[in-house]
Amino acid sequence: MVDARSLQSNVLGLLPYFDELVVVHPFINAHGVRPEFSPIQSPANFKEQTLRNAVVLLLLESEIDSGRIHLVPDPMDYDVGFREEIKAIVGPANERGELGPLDTDAATQLAHDEYMRAIKRLPVQELRAYLKQRVADAPERISDRDLESILELWKRELEEDHLSLLDPPSSSEEGGDFRTYKGFGRETGLFIAALTGSFIYTTSDTQWERLHRTDGVHHYSPDPEWAEMTRALADLNVEVPLSAFAEVTVPSNAPSMRELLREMALALQDNASVQTNPIRPTYSPFGPEKSKEMLMLKIHASVPLGGFQRTDVSRLVLTFGRMDDIAPVRLAIFLEPQASGS
């Protein structure tokens, strides 16, 4: 998912480990939705979302210029036929299954973040009334002075927030504030990866499970020739600074890991074998103080026999891609967040 709040952990912080990243463009196609949902026809409802998208572009600008990050529009936003194909493949929204535990936790955190930003944007009188209502049933009495301190703190935090507006949120009568969360699902991700010759990476446990789910024709058994290599990757961690504005540093194991992943990807494309000594971490685990500033991601690599072949994705490639015989995606990586200090 490409969102200003998760951009560092999902995209920017991963660049030292990969040569190039292909990610979804954060803006929707304003001409592909009804006027009331269009940022062009109803701009007031998209002000905060547009601010966040602008921050994304500013943070990615230098890497886009250098050719290391490629922003790709979501084909579903521009091609009605492609969108209808995807809808037919994945089925109704209420039949798509539950989120995995990691995605459930992330969704809960994002929802709480959205809620608190909206609360802090309330006019002072409404915010004061909200606070009084919330503490009315508190076991210990909270003084008016304490409430005013909380109010002042929240308003100060709002002023320092790069991703929030200062004016009150739009009311439901005005249409409300719209949010868009852009990311490639399984089918579109495999479609883009097949066209660009890329391999898949994800931080979503839901998508990782769906990626390995059979389509009734293809089954994903690990390729024994690559078992040693995937085990070597499983011993490694990716370390990501939590702040997008932190000083740019290259983790000690990033160059060798990037070289290994490049060699793996090229060998898999050529149906060749790769002979590489397993890489071991060259750094010590961070202590509690530094762990607060770093996110540790455990690598899970998957190289199934025959690649990630799906009949529906092959049809998408032939219909909306190009007529050449395009090889299936051979490699996928799941980056699993680790608890601080672990």
Side-chain angles (χ1 to χ4, degrees), residues 1-15 17-18 21 23-24 26 48-49 52-53 55-56 59 74 90-121 134 154 157-158 161-164 169 177-189 200-213 233-234 236-246 251 285-302 332-342:
M1 184 180 70
V2 176
D3 179 85
R5 293 161 296 175
S6 59
L7 187 71
Q8 179 64 17
S9 58
N10 286 354
V11 181
L12 274 175
L14 302 177
L15 268 180
Y17 297 90
F18 303 103
L21 295 178
V23 296
V24 68
E48 190 167 53
Q49 183 62 55
R52 295 182 185 183
N53 290 349
V55 170
V56 167
L59 290 173
D74 187 344
V90 301
N94 59 356
E95 296 180 3
R96 296 176 193 171
E98 297 181 355
L99 294 177
L102 291 177
D103 287 345
T104 297
D105 183 59
T108 300
Q109 292 183 38
L110 285 174
H112 177 72
D113 180 77
E114 296 284 16
Y115 178 76
M116 289 305 301
R117 279 193 164 94
I119 290 298
K120 293 175 183 179
R121 287 176 57 191
R134 296 288 291 181
W154 282 6
E157 288 177 344
L158 181 67
D161 188 350
H162 299 294
L163 303 178
S164 185
D177 286 339
F178 292 155
R179 295 286 178 268
T180 58
Y181 300 100
K182 301 298 295 182
F184 290 136
R186 176 185 60 189
E187 289 75 18
T188 307
I200 293 286
Y201 84 93
T202 183
T203 57
S204 165
D205 57 342
T206 309
Q207 294 293 355
W208 185 247
E209 188 276 330
R210 291 191 74 241
L211 183 64
H212 290 83
R213 197 181 299 171
L233 284 172
L236 305 180
N237 286 332
V238 167
E239 46 186 273
V240 178
L242 289 176
S243 172
F245 303 100
F286 290 129
E289 182 175 349
K290 189 156 189 185
S291 294
K292 296 177 182 177
E293 304 170 2
M294 304 290 291
L295 174 65
M296 305 298 289
L297 302 168
K298 182 176 178 58
I299 294 182
H300 302 271
S302 179
I333 289 176
F334 172 43
L335 300 169
E336 179 187 8
Q338 301 296 290
S340 296
S342 65

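By convention here, the first residue in the shown sequence is residue 1. Just so we're clear, the structure is a prediction, and the values are computed from it rather than from any experiment.
- The minimum heavy-atom distance between Ala118 and Pro169, with the atom names listed, is O-CG, 3.9 Å.
- Between the side chain of Tyr201 and the backbone N or O of Asn10 there is at least one donor-acceptor pair closer than 3.5 Å.
- Minimum heavy-atom separation, Thr188 to Asp74: CG2-OD1, 4.2 Å.
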Show your reasoning for whether side-chain contact (heavy atoms from CB on, under 4.5 Å) applies to Met1 and Lys182. CA-CA 6 Å; Met1 184 180 70; Lys182 301 298 295 182; over 6 Å; no

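- Ile299 contributes atom CD1, which lies 5.5 Å from atom CG of Leu236 (distance to the nearest 0.5 angstrom).
- In terms of modelled atom types and a separation under 3.5 Å, the side chain of Gln8 and the main chain of Pro241 share a donor-acceptor contact.
- The two residues Val55 and His162 come nearest to each other via the heavy atoms CG2-O, 4.1 Å.
- When atom types are taken as modelled, the side chain of Asp205 and the backbone of Leu102 share a donor-acceptor pair closer than 3.5 angstrom.
- A salt bridge links Arg210 to Glu187: one of the charged nitrogens lies within less than 4.0 Å of a carboxylate oxygen.
- Between the Asp3 side chain and the Tyr181 main chain, no donor and acceptor come within less than 3.5 Å of each other.
- Side-chain N or O atoms of Lys298 include one that pairs as donor or acceptor with a backbone N or O of Ala234 at under 3.5 Å.
- The side chain to side chain donor-acceptor pair (under 3.5 Å) check on Ser9 picks up nothing, with sequence neighbours excluded.
- Taken from OG in Ser204 to CG in Leu335, the straight-line distance is 11.5 Å, to the nearest 0.5 Å.
- Judged by distance alone, the side chain of Asn237 and the main-chain N or O of Met296 form no donor-acceptor pair under 3.5 Å.
- Between the side chain of Thr202 and the backbone N or O of Trp208 there is no donor-acceptor pair closer than 3.5 Å.
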Before you tell me yes or no, could you show the steps for Thr104 and Gln109 under side-chain contact (heavy atoms from CB on, under 4.5 Å), namely the whole-Å CA-CA distance, both residues' side-chain angles and the distance that decides it to 0.1 Å? CA-CA 9 Å; Thr104 297; Gln109 292 183 38; over 6 Å; no

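- Heavy-atom minimum distance, Val240 versus Gly13: CG1-CA, 3.6 Å.
- If you take CG on Leu295 and OG1 on Thr203, they are separated by 9.5 Å, rounding to the nearest 0.5 Å.
- Rounding to the nearest 0.5 Å places CD1 of Ile119 at 12.5 Å from CD of Glu114.
- Annotation: the span from Ser164 atom OG to Arg121 atom CZ amounts to 5.5 Å, rounded to 0.5 Å.
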Please assess Leu163 against Arg5 for the test side-chain contact (heavy atoms from CB on, under 4.5 Å), listing each intermediate value before the final yes or no. CA-CA 8 Å; Leu163 303 178; Arg5 293 161 296 175; 3.6 Å; yes

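- Taking CD from Gln207 and CD1 from Ile200, the interatomic distance works out to 9.5 Å, rounded to the nearest 0.5 Å.
- Here the shortest heavy-atom pairing between Thr180 and Pro26 reads OG1-O, 4.1 Å.
- Using a cutoff of 4.0 Å between basic side-chain nitrogens and carboxylate oxygens, Arg117 and Glu48 are not scored as salt-bridged.
- A pairwise comparison of heavy atoms in Val238 and Tyr17 identifies CG1-CE1, 3.3 Å as the closest pair.
- No hydrogens or angles considered: a donor-acceptor pair under 3.5 Å links the side chains of Gln49 and Asn53.
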